[in-house]
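Working notes, structure below.
Lettering of chains follows the sequences in order, A, B, ..., and the numbering in each one begins at 1. Just so it is clear, the values below take in all heavy atoms, side chains as well, and ignore hydrogens, waters and symmetry mates.
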Amino acid sequence: MSADALKHALQVASRAIGAPDNTEIILERPRDPSFGDWTTNLAMTLAKPLGKKPRDLAQALSSALDLAAAGVAKVEIAGPGFLNFRLDPGAQASGIARIVDDAVHWARSNTGGGKRANIEFVSANPTGPLHVGHGRQAALGDAIATMLEWTGWNVSREFYYNDGGTQIENLAKSVWIRIAQQFGIAVEIPEGGYNGEYIKEIAGAVIAEKGDELILAHVREGAEAIAAGKHPADANLFDRLRAEAVAALRREQDKDMQAFGVSFDTYFLESSLYTDGKVTQTVDALVKGGHTFEDGGALFLRTTEFGDDKDRVMKKSAAKGGDYTYFVPDVAYHVTKWQRGFARAIDVQGADHHSTVTRVRAGLQALEMGIPQGYPEYVLHQMVTVMKDGEEVKISKRAGSYVTVRDLIDWVGRDAVRYFFLMRKGDSQLVFDVDLARSESEENPVYYIQMAHARLSGIFRVGEIDATTLRGAGTDLSPLTAPEEQLLVKALLDFPALVEGAAQALEPHRIAGWLLETARLTHTWYHKHHVLNEPPPIMNARLVLARATQLSLAAGLRLLGITAPERM
RNA sequence: GCGCGAGUAGCUCAGCUGGAUAGAGCGUCGGCCUCCGGAGCCGAAGGUCGUGGGUUCGAAUCCCGCCUCGCGCACCA
């Protein structure tokens, strides 16, 4: 890109005026385009080491600069000592040729060098439908995964199923109670159980399919046992109900994710960590490594050695049941990620999980397996508040009343849901106003962006031009000199660096912001300048610009998992 | 009390790792439809960037104190 030539020319010029060899040249886009195409604060940063005034240095740099080599049409000194550069418009416009000629590689890079990255997201317990928080995770995780793919990582999307533990027991108990109730037995779901309508549906399905096999006496006995805080005598039936319930909810969750357009490469079951012996292996290794101690009959891990403010229990005392605490399988799980060859592991989770960060990393460090300190990386998103009918919908699994991902998709459409979740930074809290999203669905930002894409497609449709046959390299792009065209060209040329930055920061919302801005520039340009039926040199140049813009908008939308319609 | 996150326009939020006159969407007000899609375009109003210090040529951005709000601080998962 021409900016590289400019950077190099500045390097040469700065040495000529006596700057240290290691001086870093930083080029930026000025906030105000009237200042030029590129700006640098080089004169200001050199002021101190060289002991001269910034404006004098700017003057010296300007004189020493080889304009032709830098591709610069004009240099200005402004403010406290900024150097502003204006590139030759035609030369700048020629940069978009390669977008059209090599769209497949546009905004792609190989920063990751083909190394493997694991993105774990959603990871909902199979105890209920996916709620809005999972929706935010799905949108974030999928977009992050795609961004990493585009920047050269070999990505695997993973869903971790917490299919063991107390919550699943409570799920099975809840189903049991609902079945009993449908047989007319007067019992209530105990504390910690699940009250949602879907439990009734599962219970109903079990009765419909296998009602003949149910023995009423067993159902009654079990229901009363559950109500009394005990276990049903018919363990077989209990296991079967648990399996049925988990399977039913997994099916539902899969359907939700399918409706959202997200698919996973791997579904990892927590239970497999136990059956494969990974949990005991991990515990043994930690004990052998000398990072554990016993106290009060419980086994502790010295997580304080690795930055935690308190040592954590790994294995409860016999009096408390002797089970492992949740973070032990979590550590074992992340060991498998490392062993499966993932150079990076990224966990997308709600901010309420942040206490696990230190613990899991501490566990991995304590194993002394050469796992990097920052492994795994976490993208924690803040809570989502749902507003509906003017008031906040309380998210409560217990009451069973909460907004699901499916609800959102039904209300505002998949593309809009994706965009709304991604237009904000993950670590700011988010108010999802359902009424607003619904009422605005005709005028919301995602349609605005898609409209820009559809309009460009319309040019080719109306002009009966096969856009795929356009070539940038042989086309004279110097007619693209109008301010609206130059702004659009710059926005397109900035796209690869933006993707790179967004991927590095794991921040998809930057893509969303770029899309909105570029769509705005597109509409402005489209409104002011015609493409078809202009003199050939102008039409041909504008066709390339239209095509480059269309491809770039489509690329940005695709990164976020949003469709780019040809017409709306 | 400790840890993490947030506090920017009436509302919802950006601000690209310290730059010039702080932006967008929605909302409000006012213009533009014989021309590739008006699901659009153009313009206006609206800000002591929570607050008090500090760092420097320069701070919404970095450091410290304080104030609000959210989340987390179990031998729960």
Mind telling me whether B/rC33 is syn or anti, cutoff 90° either side of 0?
-> syn
Syn-anti status, with the boundary at 90° from 0, for the nucleotide B/rU17 = syn
Can A/F82 be called stacked on B/rG19 when the rule is centres closer than 5.5 Å and an angle between planes below 30°?
-> no
Measure from the side-chain heavy atoms of [X] and tell me the nearest of [options].
{"X": "A/Q429", "options": "B/rG40, B/rG70, B/rC71", "result": "B/rG70"}
{"X": "A/R520", "options": "B/rA24, B/rG5, B/rC75", "result": "B/rA24"}
{"X": "A/N162", "options": "B/rA74, B/rA77, B/rC75", "result": "B/rA77"}
{"X": "A/R461", "options": "B/rG37, B/rA6, B/rC75", "result": "B/rG37"}
{"X": "A/M568", "options": "B/rC57, B/rA74, B/rA39", "result": "B/rA39"}
{"X": "A/S355", "options": "B/rG37, B/rG72, B/rC76", "result": "B/rG72"}

Taking only N and O in the side chain of [X], is any of them less than 4.0 Å away from OP1 or OP2 of [N]?
{"X": "A/Y526", "N": "B/rG37", "value": "yes"}
{"X": "A/T524", "N": "B/rC42", "value": "yes"}
{"X": "A/T522", "N": "B/rG40", "value": "no"}
{"X": "A/K425", "N": "B/rU12", "value": "no"}
{"X": "A/Y448", "N": "B/rG38", "value": "no"}
{"X": "A/R455", "N": "B/rG38", "value": "yes"}
{"X": "A/H353", "N": "B/rC4", "value": "no"}

Does the side chain to side chain contact (heavy atoms under 4.5 Å, CB included) test come out yes or no for A/R242 and A/I168, once each step is laid out?
-> CA-CA 7 Å; A/R242 181 172 50 202; A/I168 303 300; 3.5 Å; yes
Is there a donor and acceptor pair closer than 3.5 Å between the side chain of [X] and the base of [N]?
{"X": "A/N84", "N": "B/rA20", "result": "yes"}
{"X": "A/N41", "N": "B/rG19", "result": "yes"}
{"X": "A/T39", "N": "B/rA20", "result": "yes"}
{"X": "A/H354", "N": "B/rG5", "result": "no"}
{"X": "A/T166", "N": "B/rC76", "result": "no"}

Classify the nucleic acid contact of [X] as base, sugar-phosphate or nothing, counting any heavy atom under 4.0 Å across all strands shown.
{"X": "A/H381", "result": "nothing"}
{"X": "A/L516", "result": "sugar-phosphate"}
{"X": "A/S317", "result": "base"}
{"X": "A/G296", "result": "base"}
{"X": "A/P54", "result": "nothing"}
{"X": "A/L430", "result": "sugar-phosphate"}
{"X": "A/T358", "result": "nothing"}
{"X": "A/H530", "result": "base"}
{"X": "A/G458", "result": "sugar-phosphate"}
{"X": "A/D433", "result": "nothing"}
{"X": "A/K528", "result": "nothing"}
{"X": "A/A47", "result": "nothing"}
{"X": "A/V431", "result": "sugar-phosphate"}
{"X": "A/N170", "result": "nothing"}

If you count the non-hydrogen atoms of other residues, nucleotides and ligands that lie under 6.0 Å from CD in A/Q504, is the total more than 12?
-> no
May I ask you to check whether over 12 heavy atoms, not counting those of A/N533, lie within 6.0 Å of atom CG?
-> no
What is the base-pairing partner of [N], counting Watson-Crick and G-U wobble geometry with both distances under 3.5 Å?
{"N": "B/rC35", "value": "none"}
{"N": "B/rA44", "value": "B/rU28"}
{"N": "B/rG1", "value": "B/rC73"}
{"N": "B/rU56", "value": "none"}
{"N": "B/rG18", "value": "none"}
{"N": "B/rA6", "value": "B/rU68"}

Just how far, in rounded Å, is C1' of B/rC36 from CG of A/L543?
-> 10 Å
Salt-bridge present (A/D427, A/R424; N to O < 4.0 Å) = no
Test the A/R250-A/Y161 pair against the cation-pi criterion, namely NZ or CZ under 6.0 angstrom from the six-membered ring centroid and within 45° of the ring axis.
-> yes
Just by distance, no angles: are the side chains of [X] and [Y] close enough, under 3.5 Å, to form a donor-acceptor pair?
{"X": "A/H353", "Y": "A/D347", "result": "no"}
{"X": "A/Q167", "Y": "A/N162", "result": "no"}
{"X": "A/D308", "Y": "A/T358", "result": "no"}

Decide if the gap between the ring center of A/F268 and the ring center of A/Y333 is smaller than 6.0 angstrom.
-> yes
